[in-house]
Amino acid sequence: MSASDLPRKEVTVLKGHEGAVLAARFNSDGNYCLSCGKDRTIRLWNPHRGIHIKTYKSHGREVRDVHCTPDNSKLVSCGGDRQVFYWDVSTGRVIRKFRGHDSEVNAVKFNEYSSVVVSAGYDQSLRAWDCRSHSTEPIQIVDTFSDSVMSVCLTKTEIIGGSVDGTVRTFDIRLGREIADDLGQPVNCISLSNDANCILASCLDSTLRLLDRSTGELLQEYKGHTCKSFKMDCCLTNTDAHVTGGSEDGFIYFWDLVDATVISSFRAHSSVVTSVSYHPKDNCMITASVDGTIRVWKT
């Protein structure tokens, strides 16, 4: 796949948020996307047709992250009001509020069965919540971090968290074992490669780092963008051939996975790019920014 196959043509701008958009995510099949932001709302879109479908309001402060179940029936969100909200997508009703974090909640994810939600908090903890029980207490708390936990990823058997303390920690739920990889720089976002063999970590020294999950070996570093003070997403393209991420100057970067050269970079927004989400199957991407817009890119 060459640079010409990467999405850099703007096809739609999704407008509606009042203020910064903090996250934008494709759903599992890539037909819809969710966004959330400073205006305390979550919005559901058809990005391919540029249509706003629904707005979800219940958070008392900014919404920092949102994630949808594989069957698109439920979503989970978190933010500055210290709570994790579990929603019914079609009715827009909040099914449950999970309270327990002592401070803002930065990130949230469903497990693959949509039965458990894991949240990452400013209170230096990861917390797991059971969506099926009526208990509002977490079923597991991971509090071995020494600073804010900014990002969380899940595999079938593991919870992985990235923290401002410079570590990426992997917890094996079945074995009750923890592995810590120290990157030596504050981590503000982590994402898994599609084959789940690698972790991509965005660090606040304007560097993305690729780790081998089995050995902890640092495989590659990606530079050129600016990331010093904002939480900004990074991810791999759906073929795992390229790494992509935003920059504080409004640019999007694509790097070659193996040799870390910048394959493509272009100005996508007028302000900080907070979020990038790559389509699960097609050469399509959505980006979100402090400028209040979500942009859809295709080849």
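- At distances below 3.5 Å, at least one donor-acceptor pair connects side-chain atoms of Thr91 with backbone N or O atoms of Arg93.
- Separation of atoms OG (Ser193) and CG (Leu257) is listed at 8.5 Å; rounding is to 0.5 Å.
- Around atom CD of Glu112, more than 12 heavy atoms belonging to other residues, nucleotides or ligands sit under 6.0 Å away.
- Taking CG of Asp181 as the reference point, atom CD1 of Ile199 lies at 6.5 Å (rounded to 0.5 Å).
- Aromatic rings from His225 and Phe251 are positioned such that their centres are separated by 6.0 Å or more.
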Evaluation steps, side-chain contact (heavy atoms from CB on, under 4.5 Å), between Asn72 and Asp29
CA-CA 9 Å; Asn72 303 322; Asp29 60 17; 3.9 Å; yes
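- Partners of Tyr253 under the ring pair (Phe, Tyr, Trp, His ring centres under 6.0 Å) rule, at least two apart in sequence or in another chain, are Trp255.
- Other residues, nucleotides and ligands contribute over 12 non-hydrogen atoms within 6.0 Å of the CZ atom of Phe110.
- Interatomic distance, His59 NE2 to Cys36 SG, rounded to the nearest 0.5 Å: 8.0 Å.
- Residue Pro280 comes nearest to Asn27 through the heavy atom pair CG-O, 4.3 Å, listed as atom of the first residue, atom of the second, then distance.
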Decide yes or no on salt bridge (charged side-chain N to carboxylate O under 4.0 Å, His left out) for Glu158 and Arg213, but give the supporting numbers first.
CA-CA 11 Å; Glu158 296 152 315; Arg213 287 215 326 126; 2.9 Å; yes
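- Of all heavy-atom pairs spanning Ser151 and Lys231, the tightest one is CB-NZ, 4.3 Å.
- Nearest heavy-atom pair across Asp81 and Gly60 is OD2-N, 2.9 Å.
- Residue Ser206 comes nearest to Lys228 through the heavy atom pair OG-CG, 3.7 Å, listed as atom of the first residue, atom of the second, then distance.
- Rounding to the nearest 0.5 Å gives a distance of 6.5 Å between CG of Asn194 and CG of Asn238.
- Within the model, atoms CD of Glu62 and CZ of Arg64 stand 4.5 Å from one another, a figure rounded to the nearest 0.5 Å.
- Ser77 places no side-chain N or O within 3.5 Å of a backbone atom of Val63 that could act as its donor or acceptor partner.
- Of the possible donor and acceptor atoms, none in the side chain of His67 sits under 3.5 Å from a partner among the backbone N and O of Val108.
- Thr157 contributes no side-chain N or O that, together with a main-chain N or O of Ile173, makes up a donor-acceptor pair within less than 3.5 Å.
- Listed for the Asn46 side chain is no donor-acceptor partner under 3.5 Å among the backbone atoms of Ile51.
- Side-chain contact, His242 with Thr239: no donor N or O sits under 3.5 Å from an acceptor N or O.
- Among all heavy-atom pairs drawn from Ile286 and Pro47, the shortest one is CG2-CB, 4.3 Å.
- Between the side chains of Ser148 and Asn106, at least one donor N or O lies within less than 3.5 Å of an accepting N or O.
- Contacts classified as salt bridge (Lys or Arg N to Asp or Glu O under 4.0 Å) and involving residues 30-41 (residues at least two apart or in different chains) are given here: Asp39-Arg43.
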After noting the C-alpha distance and the side-chain angles of Thr207 and Lys223, does the key distance pass the side-chain contact (heavy atoms from CB on, under 4.5 Å) rule?
CA-CA 5 Å; Thr207 307; Lys223 299 183 179 185; 3.4 Å; yes
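- Using a 4.0 Å cut-off between a side-chain N of Lys or Arg and a carboxylate O of Asp or Glu, Lys298 and Glu10 do not qualify as a salt bridge.
- Note that the CZ atom of Phe85 and the NZ atom of Lys97 stand 4.5 Å from one another [nearest 0.5 Å].
- In this structure the side chain of Val76 reaches within 4.5 angstrom of the side chain of Val84, judged on heavy atoms.
- No donor-acceptor pair under 3.5 Å is formed between the side chain of Asn188 and the backbone N or O of Met150.
- Under a 4.0 Å N-O distance rule, the pair Asp249/Arg267 does not qualify as a salt bridge.
- Distance alone, capped at 3.5 Å, places no donor-acceptor pair between the Asp282 side chain and the Cys284 backbone.
- A side-chain N or O of Asp88 and one of Ser90 form a donor-acceptor pair less than 3.5 Å apart.
- Remark: Lys281 NZ is packed, more than 12 non-hydrogen atoms of other residues, nucleotides or ligands lying under 6.0 Å away.
- Remark: the backbone N or O of Val258 is paired with a side-chain donor or acceptor of Gln220 at under 3.5 angstrom.
- Inter-residue side-chain proximity for Arg209 and Gln185 is flagged as met; some heavy-atom pair is nearer than 4.5 Å.
- When the shell of 6.0 Å around NZ of Lys54 is examined, it contains more than 12 heavy atoms from other residues, nucleotides or ligands.
- Here the side chains of Val21 and Thr293 are not in contact, with every heavy-atom distance at 4.5 Å or above.
- Hydrophobic cluster membership differs between Ile190 and Leu126, with clusters built from Ile, Leu, Val, Met, Phe, Trp and Tyr side chains linked at under 4.5 angstrom.
- Hydrophobic clustering (side-chain heavy atoms under 4.5 Å, transitive across Ile, Leu, Val, Met, Phe, Trp, Tyr) keeps Val94 apart from Tyr86.
- Checking Ser275 against Asp233 by side-chain atom types alone, a donor-acceptor pair falls below 3.5 Å.
- Tracing side-chain contacts under 4.5 Å through hydrophobic residues (I, L, V, M, F, W, Y), one reaches Val149 starting from Val142; they form part of the same cluster.
- One hydrophobic cluster, built from ILVMFWY side chains closer than 4.5 Å, cannot hold both Leu183 and Leu200; they sit in different ones.
- Every residue meeting the side chain to side chain contact (heavy atoms under 4.5 Å, CB included) condition with Arg169, not counting sequence neighbours, appears here in chain and number order: Thr144, Phe145, Asp165, Thr167, Phe171, Glu178, Ala180.
- Taking the centre of each ring, Trp297 and Phe266 come in below the 6.0 Å mark.
- Under 3.5 Å, the side chains of Thr170 and Arg177 contain no donor-acceptor pair of N or O atoms.
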Step by step, would you call Tyr278 with Leu236 a side-chain contact (heavy atoms from CB on, under 4.5 Å)?
CA-CA 8 Å; Tyr278 210 86; Leu236 285 90; over 6 Å; no
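- A side-chain donor from one of Ser264 and Arg8 sits under 3.5 Å from a side-chain acceptor of the other.
- The heavy-atom pair separating Ile294 from His17 by the smallest distance is CD1-CD2, 3.9 Å.
- The aromatic ring centroids of Trp87 and Tyr56 lie less than 6.0 Å from each other.
- Panel note: side chain Ser125, backbone Asp143; no donor-acceptor pair is recorded below 3.5 Å.
- Results of the side-chain contact (heavy atoms from CB on, under 4.5 Å) test with Ser119 over Gln83, His101, Lys109 single out His101 as the only residue that passes.
- Ser135 is not listed as a side-chain neighbour of Asp130, based on a closest heavy-atom distance of 4.5 Å or more.
- Using bins of under 30°, 30° to 60° and over 60° for the plane-to-plane angle, the ring pair His48/Phe26 lands in the parallel bin.
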For Val273 and Phe230, what are the C-alpha separation, side-chain angles and deciding distance, and is it a side-chain contact (heavy atoms from CB on, under 4.5 Å)?
CA-CA 9 Å; Val273 180; Phe230 283 84; over 6 Å; no
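- No path of Ile, Leu, Val, Met, Phe, Trp and Tyr side chains, each step under 4.5 Å between heavy atoms, connects Leu211 with Ile179, placing them in separate hydrophobic clusters.
- Of the possible polar contacts, one joining the Ser247 side chain to the Thr226 backbone as a donor-acceptor pair under 3.5 Å is found.
- At least one side-chain heavy atom of Tyr222 sits less than 4.5 Å from a side-chain heavy atom of Leu210.
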